[in-house]
Trainee: 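Let me begin by handing over the structure; questions about it come next.
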Amino acid sequence: MNLIAALENRIRELVDLALKNSLQAQEINFETVPDFVIEVPRDENHGDFACNVAMLLARQAKKSPKDIANILVKHILQANAKEIEKVEIAGAGFINIFINDDWLYELPMVVCQLGKEYGRLETKNSKIQVEFVSANPTGNLHMGNARGGALGDSLSNLLSWAGYQVEKEFYINDAGNQIEILGASLEARYLQQNGQSVPFPEDGYAGQDLVDLVKQFTAKYGSHLVELESKERVKSLLDFALTEKIAYIKESLLNFGIKYDVWFSEKTLHESGKIDEVLNELKEAGYVYEHEEALWFKSTQFGDEKDEVLVRANGIPTYFAADIAYHKNKFQRGFNRVINIWGADHHGHVKRMKGAMEALGYISDNLEIILMQLVRLYSGGNLVRMSKRTGTTIALDELIDEVGLDAARFTFVVRNPDSHLDFDLDLAKQKSMENPVYYVQYAHARICSVFRQAVAFGVDMPSWEDVNAGLLVEDEEKRLLRKIADFPAEIEVAARNLAPHRIARYLTDLAGLFHSYYNNFRVLSENTELQNARLLLLHITRTTISNALMIIGVSAPEQM
RNA sequence: GCGCCCGUGGCUCAGCAGGAUAGAGCAACGGUUUCCUAAACCGUGGGUCGGGGGUUCGAAUCCCUCCGGGCGCACCA
């Protein structure tokens, strides 16, 4: 139940009615009234809701906005709606509507009844898939993966709270060119470890992780691969390395609070002939041509800067070809919307990917790509370069060890994906107030502490339905109630914009209102009635903080 | 050169489908604890919303253009 949305609809009804009743005299056709907004003004002095219709009608009606507002206000008041306390005209012609507080006092019971579900929106008949991280199993998870992980997981939770059926997926790039390179790198390491002096491939993966993997392999299976043919040797090493790597990635992400529904292997697309299948389909539809022995996709037909290779002259399909087959598969699985989170360095891939979907007859808008700006890591005031080739990555595990899961996730989620993120390791490690996650968590812990105190003082906890919420008359209390009431709408907007950072911001605001209230008013007191009302307010504040934290994957500690 | 993203107080960033006097946090300065956790609260100072033009009753928000920064423009992924 969304009390604010219900009120907003009610106000809209009243405004519509006033328009209908007054427009004829102004010789304006009701049908031509432009779309107007009923919004919650930023400044609470401007009422609970504001409407801009008078300003929009000014030209058409050949009257000043204030005159129109006057007429409308008269008609709004004539309806004698019980919700309305007063209506004012302000600014350039805003109609500011003040609602009486009755509705606010209905809120606590709504929150109590819904509990852990408060904020969850009505179930929608729509399946969404979110694919994120999908890191190559050729190196460790780095800061960019961490950001993508925090973002993707929070977004999935958010959409699920918004009523969608959400599936989280990790695409395992276990085929293709980078796997060839991985194989060659492993082979070189293996032979080197077994006393042969072989050169390391120029474009190989030089990270320590591969050295360790090969050591593990040798410890387990010995050195017999030296005797085999290269092809056999590489296959054995790759099988081992990929299994280990993927298990490791899975575990790292799990430690970061991320659990996927599906792990999808690229290799299966190659082996099942799905890539050839989709290539034929594109060919038959006329979107493919041959040039210099390679097969090209006409992505320029879809607004791309140039066409893209699907199959190389050597007969091996590109990553792009596999990705087309993969995304076709996603839509075949019945998702209404498919969301991908990619690093900004992949933006060139967006147009052709959408183009390919369109070529296959899907609606390209149903493939939504969130481009996330890259993360720059600073340590000791210096930029730490992230390169798998040189092996100097800071792994996700180290990040969790050093700054903690909650701080790391909050830091990633609180920012708009569009903005660059400079992650200062030293700053994050300090656990200073620089990090708003503690501010939010502290609010939760403080509330829990009040309840512990109440128990220690021998307070009889009331049944919430017996509590008179109407005693919460202080401005700070009403502000808190309004903010809590706003939670479902916040989820709605955040989900619509695919913007989980809004939830993190909401949390900071809510915690701020609570801290301010807490410092100004005592909860536990001689006045049992008032004490109960305030305990109720704290209880629903805690519920809301806890629910919102759950969306962004941050814990709600009972003490700090 | 072309394309995408960004440019908001000293620093890090919000600003949801254009709305009213542009908001937080950090930093600076000053205050608050016989009282439920001071990881908190209250107050003060500080901004040509990169520049210019346009649309609009109204622009940080939309359009154009220029400047600055990041990223991308492979038969890599």
Side-chain angles (χ1 to χ4, degrees), chain A residues 35 37 39 41-43 45-46 50 52 54-56 58-59 64-65 90-94 96 134 136 138 173 176-178 181 203 291-296 303-306 308-320 322-323 343-351 371-374 376 414-422 424 427 431-439 441-443 445-454 456-457 489-490 492-494 496-497 499 501-502 504-505 508-509 511-512 514-525 531 534-535 538 559-560:
Chain A
D35 288 339
V37 292
E39 63 180 355
R42 194 169 297 176
D43 185 338
N45 294 318
H46 294 147
N52 66 347
M55 292 176 286
L56 298 176
R59 172 175 287 191
S64 80
F94 287 98
N96 291 339
S134 297
N136 280 333
T138 50
N173 300 122
N177 199 45
Q178 82 281 3
I181 297 170
D203 54 355
H291 175 65
E292 291 179 352
E293 291 175 50
L295 195 66
W296 295 72
D304 204 2
E305 293 164 50
K306 52 187 179 180
E308 184 70 13
V309 172
L310 290 165
V311 181
R312 293 186 278 250
N314 62 12
I316 299 173
T318 59
Y319 167 87
F320 180 47
D323 226 17
D345 52 340
H346 286 64
H347 81 258
H349 195 51
V350 174
K351 269 231 169 90
L371 288 176
M372 175 189 72
Q373 294 300 316
L374 303 177
R376 277 183 304 203
V414 77
R415 274 190 185 70
N416 187 324
D418 279 341
S419 68
H420 296 268
L421 181 91
D422 289 342
D424 189 324
L427 215 65
K431 302 198 172 181
S432 69
M433 285 177 294
E434 190 85 5
N435 203 329
V437 70
Y438 301 114
Y439 184 79
Q441 290 184 315
Y442 184 52
R446 255 186 162 174
I447 293 173
C448 292
S449 172
V450 173
F451 278 93
R452 280 194 297 272
Q453 281 292 326
F457 291 164
E490 197 58 44
E492 168 79 44
V493 175
R496 189 173 64 222
N497 293 301
H501 71 274
R502 294 186 59 98
R505 299 276 166 188
T508 312
D509 290 348
F514 165 73
H515 283 308
S516 180
Y517 172 58
Y518 179 89
N519 271 275
N520 280 299
F521 298 93
R522 272 195 69 84
V523 174
L524 303 177
S525 70
Q531 171 177 277
R534 289 181 170 174
L535 282 171
L538 260 60
Q559 53 188 15
M560 289 171 72

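Protein chains get the first letters and strands the later ones, always in sequence-line order, with residue 1 at the start of each. Small disclaimer: the values here were computed from a predicted structure and weren't measured.
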Trainee: Determine the contact category for Ala58(A): base if any of its heavy atoms lies under 4.0 Å from a base atom, sugar-phosphate if only primed atoms, P, OP1 or OP2 are that close, otherwise nothing.
Mentor: nothing
Trainee: Looking only at the side chain of His420(A) (C-beta and beyond, no hydrogens), which of the listed nucleotides G69(B), A77(B), G72(B) gets closest?
Mentor: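 That would be G69(B).
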Trainee: Would you say Arg42(A) reaches U21(B)'s phosphate, i.e. side-chain N/O to OP1/OP2 under 4.0 Å?
Mentor: no
Trainee: A14(B), OP1 or OP2 - any side-chain N/O from Ser419(A) closer than 4.0 Å?
Mentor: yes
Trainee: Given A17(B), A38(B), C6(B), which nucleotide is nearest the side-chain atoms of Asp418(A)?
Mentor: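 Looking only at heavy atoms from C-beta outward on Asp418(A), the closest nucleotide is C6(B).
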Trainee: Kindly point out which of A20(B), C4(B), A77(B) is positioned nearest to the side chain of Pro41(A)?
Mentor: A20(B)
Trainee: Taking the C1' atom in each of A20(B) and A59(B), what is the distance between them to the nearest angstrom?
Mentor: 13 Å
Trainee: If you only use heavy atoms from C-beta on, which nucleotide in A77(B), C16(B), G19(B) is closest to the side chain of Arg496(A)?
Mentor: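 For Arg496(A), the side-chain atoms sit closest to C16(B).
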Trainee: Output yes when at least one side-chain N/O atom of Arg59(A) is less than 4.0 Å from OP1 or OP2 of C57(B), else no.
Mentor: yes
Trainee: If you round to the nearest 0.5 Å, how far is CG of Asp203(A) from CD of Gln178(A)?
Mentor: 12.0 Å
Trainee: For a quick test of reading the model: is some side-chain N or O of His501(A) closer than 4.0 Å to OP1 or OP2 of G15(B)?
Mentor: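 So the side chain of His501(A) is within the cut-off, an N or O lying under 4.0 Å from OP1 or OP2 of G15(B).
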Trainee: Can you check whether Arg505(A) has a side-chain N or O nearer than 4.0 Å to OP1 or OP2 of A14(B)?
Mentor: no
Trainee: Do Phe94(A) and the base of A20(B) stack face to face, with centres under 5.5 Å apart and an angle between planes under 30°?
Mentor: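 Yes.
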Trainee: Using whole Å, what does the distance between atom C1' of nucleotide C5(B) and atom NE2 of His346(A) come to?
Mentor: 16 Å
Trainee: C26(B) and C42(B): how far apart are their P atoms, nearest whole angstrom?
Mentor: 11 Å
Trainee: Taking the minimum atom-to-atom distance to the side chain of Leu371(A), which one of C4(B), A38(B), G70(B) wins?
Mentor: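 Of C4(B), A38(B), G70(B), C4(B) is nearest to the side chain of Leu371(A).
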Trainee: Tell me whether the side-chain N/O atoms of Tyr438(A) come closer than 4.0 Å to OP1 or OP2 in A38(B).
Mentor: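 No, because none of the side-chain N or O atoms of Tyr438(A) sits under 4.0 Å from OP1 or OP2 of A38(B).
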Trainee: Identify which nucleotide among G72(B), G19(B), C13(B) has an atom closest to any side-chain atom of Arg415(A), counting heavy atoms from C-beta outward.
Mentor: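 Looking only at heavy atoms from C-beta outward on Arg415(A), the closest nucleotide is C13(B).
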Trainee: Among A20(B), C16(B), A40(B), which nucleotide sits nearest the side chain of Ala50(A)?
Mentor: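 Between A20(B), C16(B), A40(B), the one nearest the side chain of Ala50(A) would be A20(B).
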Trainee: So which heavy atom on Asn173(A) is nearest to which on Ser134(A), and how close?
Mentor: OD1-O, 3.4 Å
Trainee: Do the rings of Phe320(A) and His349(A) sit parallel, tilted or perpendicular, given the 30° and 60° boundaries?
Mentor: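 Judged by the thresholds at 30° and 60°, the geometry between Phe320(A) and His349(A) is perpendicular.
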Trainee: Check Tyr438(A) against Met560(A) and note the closest heavy-atom contact, atom names and distance.
Mentor: O-CE, 3.9 Å
Trainee: Starting from the 5' end of RNA chain B, give me the residue, Asp345(A) or Glu490(A), whose nearest nucleotide shows up first.
Mentor: Glu490(A)
